[in-house]
K.L.:
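Quick one: this structure, given as structure tokens, is what I'll be asking you about.
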Number of protein chains: 2
Amino acid sequence: MLSKKTKYGLKALAFLASQPDKKPVQISEIAEKENISQKFLESILLSLRKTGFLGSKKGKGGGYYLLKTPEEISMTDVMRVLEGPIAMVPCVSLNFYETCDDCPDENTCSVHKLMLQVRDSALEVYRSNTLKDIIS
Amino acid sequence: MLSKKTKYGLKALAFLASQPDKKPVQISEIAEKENISQKFLESILLSLRKTGFLGSKKGKGGGYYLLKTPEEISMTDVMRVLEGPIAMVPCVSLNFYETCDDCPDENTCSVHKLMLQVRDSALEVYRSNTLKDIIS
DNA sequence: TGAAAACTCTATTAAATTAGTAGGGTAATA
DNA sequence: TATTACCCTACTAATTTAATAGAGTTTTCA
């Protein structure tokens, strides 16, 4: 299941990408238009800023804005930051790899074999979509 | 993240599919060989029996066995029973569809658009894999 | 026929994660 | 210089997951 954090983060990014100009948008505006708890959104935008997706401007007329153009923002990167691993099990994760305690051999593990394919297919979707692609 | 339930369920099915003959296998044997808590496995096998994947035989010499051949068991069905929806959000789920409270229009929703593709790609993987395909 | 083997079922619980809340602090701009 | 708006920490409620415990029932084989 997709976490609300990811869902809201994606919606916020899409909202910013849909702005006619590059002026900063206030948290309160995004929260209201996208039906998101303002405080929760605050923490999400903060993490998107710390990971280089967003810039922010303080003071009157401040807010958040995209640091890159929508077509430069890959869903792979966004998903990894918001949702974490793309793989459904750590033993097939590229960026968050861990061995399974219970599994004696990955190469003969059925779960491993199936989840490897699922990961690859998800990655292909994320790689072929930028923020631009998912805004209408 | 894949739940332990699904992981253990898949491993148990694979274990049964790898048996040389069709004799019932005891819960305790599967639990031990696959490093699974026996009681937890019990409830998983029970649900696989209730959903038509497994048969069981009671009494001495009893146990669980596959009701179909491994190549007749599609990962799509297994995943739906063990893990639930394949979609990451209810609004793109085929079998567990729900509208989002917060979203005014699915057709213009970025999350919807992206997750639809993810669902389709995952479905394709599950559809093209039977239990036979994932056992070594 | 009876005892052991093995499945069946209900209820409870501990741990982890998620989603959200509260409130104060800090920096920048008009 | 006052206001606006971001920044940060800590806490909490709800949910889900992964077990655990224990009693009960059915079947089979000797």
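The sequence lines fix the lettering, A, B, ..., with proteins before strands; numbering per chain opens at 1. In this text the structure is predicted, and so the values were computed from the model without any measurement.
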K.L.:
Can any side-chain N or O of B:Arg49 pair as donor or acceptor with the backbone N or O of B:Ser56 at less than 3.5 Å?
P.N.:
no
K.L.:
Tell me: CG of A:Leu46 to C1' of D:dC8, nearest whole Å?
P.N.:
8 Å
K.L.:
Across the strands shown, which category fits A:Lys50 at heavy-atom distances under 4.0 angstrom: base, sugar-phosphate, nothing?
P.N.:
sugar-phosphate
K.L.:
Is A:Ser56 near enough to D:dC7 that one of its side-chain N or O atoms lies under 4.0 angstrom from OP1 or OP2?
P.N.:
yes
K.L.:
Assign A:Leu45 to base, sugar-phosphate, or nothing according to its heavy-atom contacts below 4.0 angstrom with the strands shown.
P.N.:
nothing
K.L.:
Does a side-chain heavy-atom distance below 4.5 Å link B:Leu82 with B:Ile44?
P.N.:
yes
K.L.:
Please confirm whether the shortest side-chain N or O distance from A:Tyr8 to OP1 or OP2 of C:dG20 is below 4.0 Å.
P.N.:
yes
K.L.:
Between B:Ser47 and B:Lys5, is there a side-chain heavy-atom distance shorter than 4.5 Å?
P.N.:
yes
K.L.:
Could you pull out the protein-nucleic contacts involving nucleotides 24-30 of chain C (nitrogen or oxygen on both sides, under 3.5 Å)?
P.N.:
| unit_1 | atom_1 | unit_2 | atom_2 | d |
| --- | --- | --- | --- | --- |
| C:dA27 | O4' | A:Lys58 | NZ | 3.3 |

K.L.:
Over how many whole Å does the gap from B:Leu54 atom CG to C:dT8 atom P extend?
P.N.:
10 Å
K.L.:
CG of A:Leu41 versus C1' of D:dC7: gap in Å, rounded?
P.N.:
14 Å
K.L.:
Starting at CE of B:Met1, measure out to NZ of B:Lys7 and round the result to the nearest 0.5 Å.
P.N.:
9.5 Å
K.L.:
Compare side-chain N and O positions of B:Tyr65 against OP1 and OP2 of C:dC7 and report whether any pair is under 4.0 Å apart.
P.N.:
no
K.L.:
Let me know the distance between CD of B:Gln38 and C1' of D:dA18, rounded to the nearest Å.
P.N.:
16 Å
K.L.:
Taking side chain as C-beta onward, heavy atoms only, is A:Ile36 less than 4.5 Å from B:Asp102?
P.N.:
no
K.L.:
Should A:Met88 and A:Val125 be regarded as members of a common hydrophobic cluster, given that ILVMFWY residues are connected when their side-chain heavy atoms come within less than 4.5 Å of each other, either directly or indirectly?
P.N.:
no
K.L.:
Rounded to whole angstrom units, what separation is found between the CD atom of B:Gln26 and the C1' atom of C:dT8?
P.N.:
16 Å
K.L.:
Just compare D:dA18, C:dA19, C:dC9 and give me whichever is closest to any side-chain atom of B:Arg49.
P.N.:
C:dC9
K.L.:
Atom CD of A:Glu29 to atom P of D:dT4: distance rounded to whole Å?
P.N.:
16 Å
K.L.:
Write down the distance between CZ (B:Phe40) and C1' (D:dA21), rounded to a whole number of angstrom.
P.N.:
15 Å
K.L.:
Specify the separation, in whole Å, of atom NZ of A:Lys4 and atom C1' of D:dT15.
P.N.:
12 Å
K.L.:
Would you find a donor on one side and an acceptor on the other, under 3.5 Å apart, between the side chain of B:Glu72 and the backbone of B:Thr69?
P.N.:
yes
K.L.:
Is any side-chain N or O of A:Ser37 closer than 4.0 Å to OP1 or OP2 of C:dT21?
P.N.:
yes
K.L.:
Side chain of B:Tyr64, heavy atoms from C-beta onward: which of C:dA19, D:dC6, C:dT8 has the nearest atom to it?
P.N.:
C:dT8
